[in-house]
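Throughout, a chain's letter reflects where its sequence line sits, starting with A, and its residues are numbered from 1.
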Number of protein chains: 2
Amino acid sequence: MDRASAIQQRERAFAEALKADGLRMTHQRLEVIRELARATHHPGADDIHRAVRERVPTISLDTVYRTLAALAARGLIERIAAPGAARFDPNVSGHHHFVCMRCGRVEDLDAGDVAPVAVPPEAARLGTVTFVRVEMTGLCNDCAAGGPH
Amino acid sequence: MDRASAIQQRERAFAEALKADGLRMTHQRLEVIRELARATHHPGADDIHRAVRERVPTISLDTVYRTLAALAARGLIERIAAPGAARFDPNVSGHHHFVCMRCGRVEDLDAGDVAPVAVPPEAARLGTVTFVRVEMTGLCNDCAAGGPH
DNA sequence: GTTACTGCAAACTTTTTGCACGACA
DNA sequence: TGTCGTGCAAAAAGTTTGCAGTAAC
């Protein structure tokens, strides 16, 4: 499957899941969904707002937040607590993250590239582990090259 | 080394590092450092403020934030972006986290309990990886037992 | 006696919420 | 047409900053 159709499929999946729950498919929601579906990095609410505003100039940041909350509540996207502002990850399937400690950008690492991590009994004693994510923190190439300070 | 002397050693290490940089050892800073050194969970700025206030009733939340920032800037503690408010991890040595998706509490998992994770070439291509942390997300026992909603 | 640190207050940022109007089904 | 969703504005919550007085060295 090529990238374009993968995006379209994800877009449709998001829309269907909301419709199935009786949510109305408004112009604004559709554009937020479209923006998320095509995202490769991990946009913040403000990034999405800025991008969607080019096509729907009147959309408010509140609506973006509400749509993101609706998707996150259904497990269709994941909210990542990042320094400064939360970021949203439209790719829920198992994968890992490279986080730049300077600029906060989050890049995906394919799960296949990282050896699987077993849940130790010490963790099971604390509670139920739903998923395991490896976070590799460091300096991205842009920042190492002396990006914006 | 028992727990009490480990705490004292950490406390001294924090204080020495700040003094070495020419920062003054005020009553307030010392108490914030003391609180961090003895912390086993991962307190937020407000937790520390509340705890220190019992001994220094006039300390302000600003001062707590400033001390935490000074320590974090020197790599003596780590700031963890958590949902709601940032938390601070006084244990910089390699270890992993169990994060409760409901209440946001963060528990340590000893590095020895989790198989080491190798940095794949895909990550090295994005930048320089400084450290690797495994995050096990799930529901802690308290929340599973129907804790505060 | 300097200089840095503190506390206060206010500013700022991110996110949430109440309300009246407008749009989807 | 009825209800849900939107935009606006204001409110919360967390964090940072400017300033004048205070304390460390």
Separation of atom [atom1] in [X] from atom [atom2] in [N], rounded to whole Å:
X       : N      : atom1 : atom2 : result
B:Arg79 : D:dT15 : CZ    : C1'   : 7 Å
B:Leu61 : C:dA10 : CG    : P     : 17 Å
A:Leu18 : D:dT6  : CG    : P     : 11 Å
A:Leu68 : D:dG5  : CG    : C1'   : 15 Å
B:Glu31 : C:dG7  : CD    : C1'   : 17 Å
A:His49 : C:dT13 : NE2   : P     : 16 Å
B:Leu30 : C:dT6  : CG    : P     : 11 Å
A:Phe88 : C:dT14 : CZ    : C1'   : 11 Å

Tell me the closest heavy-atom pair linking A:Ala86 and A:Arg79, and the distance in Å.
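Minimum heavy-atom separation between A:Ala86 and A:Arg79: CB-NE, 3.6 Å.
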Please confirm whether any donor atom in the side chain of A:Arg24 sits under 3.5 Å from an acceptor in the base of D:dC4, or the reverse.
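Under the 3.5 Å cut-off, the side chain and the base do form a donor-acceptor pair.
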Taking N and O atoms by type only, does the side chain of A:Asp62 place a donor or acceptor under 3.5 Å from a partner on the base of D:dA10?
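There is none.
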Could you check A:Thr58 against B:Ala85 and say which one's nearest nucleotide on DNA chain D is further toward the 5' end?
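In this pair, the answer is A:Thr58.
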For B:His27 and B:Asp46, take the nucleotide of DNA chain D holding the closest heavy atom to each; which residue's nucleotide lies nearer the 5' end?
B:Asp46
According to a strict under-4.0 Å criterion, is [X] in side-chain N/O contact with OP1 or OP2 of [N]?
X       : N      : result
A:Tyr65 : C:dT16 : no
B:Gln28 : D:dA23 : no
B:Ser60 : C:dT6  : no
B:Arg66 : D:dT17 : no
A:Thr26 : D:dC4  : no

Before you tell me yes or no, could you show the steps for B:Glu135 and A:Arg133 under salt bridge (Lys or Arg N to Asp or Glu O under 4.0 Å), namely the whole-Å CA-CA distance, both residues' side-chain angles and the distance that decides it to 0.1 Å?
CA-CA 5 Å; B:Glu135 220 173 84; A:Arg133 173 161 288 165; over 6 Å; no
Return yes if a side-chain donor-acceptor contact under 3.5 Å exists between A:Asp47 and A:His42, otherwise no.
no
Do we see a donor-acceptor contact under 3.5 Å between the side chains of A:His97 and A:Asp89?
yes
Do A:His95 and A:Asp110 have side-chain heavy atoms sitting under 4.5 Å apart?
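A:His95 vs A:Asp110: side chains apart.
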Counting any heavy atom closer than 4.0 Å, what does B:Ala86 reach on the DNA or RNA strands: base, sugar-phosphate only, or nothing?
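Sugar-phosphate contact only.
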Within the structure shown, what part of the strands sits under 4.0 Å from B:Gly84 by heavy-atom distance: base, sugar-phosphate, or nothing?
sugar-phosphate
